[in-house]
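Numbered from 1 within each chain, the chains take letters A, B, ... in sequence-line order.
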Amino acid sequence: MPSHIPVSKISSYIGQDIILKGWVYNRTDKGKLAFLLIRDGSGFVQCVAFKGDLQPETFDLITHLPQESSVIITGAVREDKRAPGIPGGFEVGIRDLQVVQAADMDYPMALKDHGVDFALDNRHLWIRMQSQWAILRVRAAVMTATREWLNANGFFEMSTPILTPAAAEGTTTLFETEYFDEGSAYLAQTGQLYNEANIFAFGKVYCFGPTFRAEKSKTRRHLTEFWMLEPEIAFCDLDGLMDVEESLLTHIVQTALKECSAELKFLNRDISKLESMAGPFPRMSYDDAAKYLIDLYEKETDPEKKELLKFEWGMDFGAPHETELTKLNEKPLFVYGYPSAVKAFYMEPWPDRPEVCKSVDLLAPEGYGEICGGSERMSDPDKLLARIQKEGLPEEAFKWYLELRKYGSVPHSGFGMGVERVTAWICGIEHVREAIPFPRTIKRIYP
RNA sequence: UCCUCGAUAGCUCAAUUGGCGGAGCGAGCGGCUGUUAACCGCUAGGUUGUAGGUUCAAGUCCUACUCGAGGAGCCA
């Protein structure tokens, strides 16, 4: 009696009879021959029916199967270089086919390019397509690799609250909701402040969950709901933080290469660009980056490009600036020591240079830009209080946060990593909305 | 919030200076023993986003609106 196997393991069953349970992704009839591309969640494999090998009614059933019908197939595995699929190169000679459900014939997702609007309205079906399946498998691998590295390196996963009181960082627009008789609550835009409390109990921690930004950002790099990893580390300075980011990112990329080679190949990702992606990553000061950008701006002759590259010391980088900086290297680039004015209030000032802070962004190559942002946190309670007052933040809301610095304060650092941005970069795709199963953007909350 | 672009068959797109709304894919039927988004033949499929306006005549020009996109700002 043949056993039920996943498509992903098919290479171990050459010459054997097996059972597949899945869905008809595509069908091609050719007279007395029919090809079914079957997907079962673990992969895509071609199944072949010869009229002569089957009961006439079974063959007739196969040649009339609607796309997306659910089926159970019995047959023999053989190697064939012509066979499409993921991983591909194998096919199943159908001996028997049982229809679990014949799908309605008006399945809307054709196997070709669709417009963004249509594809997103049909996201619940779009995720069945090979490209989206491959991207989301890479995303899962990124998330698994992330936890793997952190757990192996002494970090504890600490869930931080999603429902939070007002004013975490002050600047960002938050989603607001009613909270019983306590007034308004807000969906978390970061778990960092809570993780700063957690490190004094657990040393090295991380939170890994959804994050919400109500800002009306409409670009290929923004979602209103996205997943963020936020490690926080006690007794760690800015250099130590960059070491952690470097090792973690290296592990994530190498794992994706190992676990998802078929997916990346299907996505036509230039693997060689990822293979060299191991630490150390170059580290550049904001001052040097600013000098480079100002120089570039002055040399630019095209007036349109010149306007985009406009830059002076003290500005935060725009997307065109990030792109220019990432062109300098094949690897991700650390830029550290940003002006305090463009960064959050809790970042530790540079010694003897209070206008600069111990912050660091990690910019992914090939124009992907910022994938991690972090800093050494202010550890002195008096300086922190002064900064909170200067920013006009409500002091009483930060009472607990200030207390962390009263009882055994230490230098500590942390960063946030955007899962969808990392996934989009590894997959080589245009837009972060394809790097999450059901993207939430400013204009979309369906499906 | 600002700037720019777009909306024509189920989907992706054509339609010349304002002059009879088409094709491919998908769907149905038939043909084909190696297809890779197969191919060949036939069939069905339309209130051109909405509301006005200009004109002998509007998919095409004008006004307003709706919906969407990607860029700025802000950020991961």
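The pair A:D117-A:K443 does not count as a salt bridge, with every side-chain nitrogen at least 4.0 angstrom from each carboxylate oxygen. With respect to A:E68 and A:R27, no salt bridge is recorded, no charged nitrogen being found less than 4.0 Å from a carboxylate O. With respect to A:D80 and A:R82, a salt bridge is recorded, a charged nitrogen being found less than 4.0 Å from a carboxylate O.
Comparing B:C40 with B:C25, their C1' atoms sit 16 Å apart, to the nearest whole Å.
Atom CD of A:E430 is separated from atom C1' of B:A69 by 13 Å (rounded to the nearest Å). To the nearest angstrom, P of B:C11 lies 10 Å from CG of A:D117. Summarising the geometry, the separation between NZ on A:K443 and C1' on B:C67 is reported as 8 Å, rounded to the nearest angstrom. Atom CG in A:N26 sits about 12 Å away from atom C1' in B:C25, given to the nearest Å. Regarding A:E215, its CD atom lies at a distance of 16 Å from the C1' atom of B:G71, rounded to whole Å. Regarding A:R221, its CZ atom lies at a distance of 11 Å from the C1' atom of B:A76, rounded to whole Å. A straight line from CD1 of A:I442 to P of B:C2 spans 12 Å, rounded to a whole angstrom. For the pair A:L120 CG and B:A69 C1', the computed distance is 10 Å after rounding to whole Å.
Using a 4.0 Å heavy-atom distance criterion, A:L37 is classed as making no nucleic acid contact. A:P210 comes within 4.0 angstrom of nothing in the nucleic acid, heavy atoms only.
For a distance-only test at 3.5 Å, the side chain of A:S217 fails to qualify as a donor-acceptor partner of the base of B:C75. Side-chain atoms of A:E91 and base atoms of B:G34 include a donor and an acceptor less than 3.5 Å apart. The base of B:C67 has none of its N or O atoms less than 3.5 Å from a complementary donor or acceptor on the side chain of A:R444. You'll find a donor-acceptor pair under 3.5 Å spanning the side chain of A:H222 and the base of B:C75, going by distance alone.
Looking at the side chain of A:A110, the nearest of the listed nucleotides B:A72, B:A69, B:G26 is B:G26. Listed nucleotides: B:C74, B:A76, B:U35. Nearest to the side chain of A:K30: B:U35.
One side chain, A:Q192 or A:Y346, offers a donor N or O that lies under 3.5 Å from an acceptor on the other.
A stacked arrangement is assigned to A:F226 and the six-membered base ring of B:A76, with a centre-to-centre distance below 5.5 Å and an interplanar angle below 30°.
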Worksheet, complete the sentence: For RNA chain B, the expected dot-bracket line (Watson-Crick or G-U under 3.5 Å, [ ] crossing, | inter-strand) is (((((((..((((.....[..)))).(((((.......))))).....(((((..]....))))))))))))....
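At least one side-chain heavy atom of A:D121 sits under 4.5 Å from a side-chain heavy atom of A:R444.
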Item to complete: Decide yes or no on side-chain contact (heavy atoms from CB on, under 4.5 Å) for A:V422 and A:Y368, but give the supporting numbers first.
Response: CA-CA 9 Å; A:V422 170; A:Y368 281 91; over 6 Å; no
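For residues 137-146 of chain A, the pairs satisfying salt bridge (charged side-chain N to carboxylate O under 4.0 Å, His left out) are A:R137-A:E263, A:R139-A:E420, with sequence neighbours left out.
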